[in-house]
Amino acid sequence: MITGSAAGAYFRISRDNSKDVKPLFELLSFGKFAVVDGSLEVLGLDKVIPEKKLQREIITELQSLNFKREKGYSDVRMGLALACAGWEKSPQVNSFLDSCIQSNDTQLQKVALNSKKGQYSSL
């Protein structure tokens, strides 16, 4: 939990503005589950809306990491699913949200369904 919180804090203090995701990509490049989970949570909680190209890259990068749910944590996709509420629903964003809706995690399903409607959920 400490690692995830530290990663989220690093993401917040390292970005240049509210749309900057460079620190997120830095964390995704080396981070294990807790680092990725913490940084993606901030992406959603802070309602970060990067440019469309970067949105696609974030989704692709997370999918390539192929994390399994770890005991004591929510699904690592939760923060990204939450962030998608404010993103334009491109085919890749919709596909990502659909995969979240099809998961067996009811909280992730709820967040993804709300995001498809453009509504932010509470985590």
Side-chain angles (χ1 to χ4, degrees):
M1 298 308 250
I2 293 170
T3 303
S5 294
Y10 176 81
F11 178 29
R12 281 184 169 130
I13 64 173
S14 297
R15 60 187 188 207
D16 293 332
N17 58 56
S18 63
K19 295 183 179 201
D20 182 15
V21 291
K22 285 180 280 192
L24 174 66
F25 283 107
E26 179 184 345
L27 292 163
L28 291 176
S29 72
F30 71 85
K32 304 289 186 233
F33 186 92
V35 170
V36 172
D37 186 59
S39 56
L40 289 175
E41 184 176 295
V42 167
L43 184 75
L45 291 174
D46 290 1
K47 301 177 181 176
V48 178
I49 304 174
E51 63 182 73
K52 289 181 205 175
K53 176 183 177 227
L54 294 174
Q55 293 172 10
R56 289 189 304 270
E57 289 178 20
I58 292 167
I59 291 170
T60 300
E61 182 67 24
L62 179 60
Q63 290 171 333
S64 74
L65 295 173
N66 201 27
F67 284 120
K68 304 293 182 225
R69 186 170 179 183
E70 291 197 13
K71 187 175 182 177
Y73 286 92
S74 62
D75 190 300
V76 74
R77 299 174 291 174
M78 188 77 71
L80 180 53
L82 178 60
C84 288
W87 297 5
E88 185 177 314
K89 302 310 179 272
S90 67
Q92 190 168 16
V93 169
N94 275 323
S95 177
F96 170 73
L97 290 173
D98 288 340
S99 72
C100 294
I101 292 167
Q102 295 170 5
S103 78
N104 60 1
D105 183 324
T106 56
Q107 182 66 19
L108 178 60
Q109 291 171 351
K110 176 186 163 200
V111 169
L113 283 167
N114 284 338
S115 288
K116 281 194 79 118
K117 298 176 203 170
Q119 300 171 349
Y120 286 96
S121 304
S122 59
L123 291 185

J.: Could you tell me whether I2 atom CD1 has more than 12 heavy atoms of other residues or ligands within 6.0 Å of it?
T.: no
J.: Grab the two heavy atoms, one from E61 and one from S64, that are nearest each other, plus how far apart they are.
T.: O-OG, 2.7 Å
J.: Between K19 and L54, is any pair of side-chain heavy atoms under 4.5 Å apart?
T.: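 K19 does not reach L54 side chain to side chain.
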J.: Please round to the nearest 0.5 Å and tell me the distance separating atom CG of N94 and atom OG of S99.
T.: 11.0 Å
J.: Would you compute the distance between atom CG of N104 and atom CD of Q109 and round it to the nearest 0.5 angstrom?
T.: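 With rounding to 0.5 Å, CG (N104) is 7.5 Å from CD (Q109).
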J.: Can you confirm whether F30 sits close enough to L27 that some side-chain heavy atom of one is under 4.5 Å from a side-chain heavy atom of the other?
T.: yes
J.: What are the two closest heavy atoms between Q55 and V93, and how far apart are they?
T.: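 Reported closest heavy-atom pair: OE1-CG2, 4.2 Å.
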J.: Measuring from L65:CG to K32:NZ, what's the distance to the nearest 0.5 Å?
T.: 10.0 Å
J.: When you measure from the side chain of K47 to the backbone N and O of L43, does any donor-acceptor pair fall under 3.5 Å?
T.: no
J.: If only atom types and distance count, is the side chain of S14 paired as donor or acceptor with the main-chain N or O of F11 below 3.5 Å?
T.: no
J.: Starting at CH2 of W87, measure out to OG of S115 and round the result to the nearest 0.5 Å.
T.: 10.0 Å
J.: Just by modelled atom types, is the M1 backbone N or O under 3.5 Å from a matching donor or acceptor in the S5 side chain?
T.: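 Looks like yes, one N/O pair under 3.5 Å.
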J.: For the pair E57 and K53, find out whether any cationic side-chain nitrogen is under 4.0 Å from an anionic carboxylate oxygen.
T.: yes
J.: Got a second to check how far I101's CD1 is from L113's CG, nearest 0.5 Å?
T.: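 One gets 4.0 Å once the value is rounded to the nearest 0.5 Å.
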J.: Please give me the minimum heavy-atom distance between Q63 and F96, naming the atom from each residue.
T.: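 Looks like NE2-CD1, 4.2 Å.
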J.: Quick check: do L40 and L24 have side-chain heavy atoms less than 4.5 Å from each other?
T.: yes
J.: Are the side chains of R77 and V111 in contact, using a 4.5 Å heavy-atom criterion?
T.: no
J.: I'd like to know if the side chain of Q107 pairs up with that of S121 as donor and acceptor (distance under 3.5 Å, no hydrogens or angles considered).
T.: no
J.: State which residue, out of I58, N114, L97, fulfils the side chain to side chain contact (heavy atoms under 4.5 Å, CB included) condition with C84.
T.: L97
J.: What is the distance from atom CZ of R56 to atom CD of E51, rounded to the nearest 0.5 Å?
T.: 9.0 Å
J.: Can you list the steps and then say if C100 with D105 is a side-chain contact (heavy atoms from CB on, under 4.5 Å)?
T.: CA-CA 8 Å; C100 294; D105 183 324; over 6 Å; no
J.: Kindly give the heavy-atom pair with the smallest separation between P23 and Y10, and that separation in Å.
T.: CB-CE2, 4.3 Å
J.: Going by heavy atoms in the side chains, are S29 and F25 under 4.5 Å from each other?
T.: no
J.: Between R15 and V21, is there a side-chain heavy-atom distance shorter than 4.5 Å?
T.: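 Not in contact.
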J.: Does a side-chain heavy-atom distance below 4.5 Å link E41 with L82?
T.: no
J.: Quick one: are L45 and R12 in side-chain contact, heavy atoms under 4.5 Å?
T.: yes
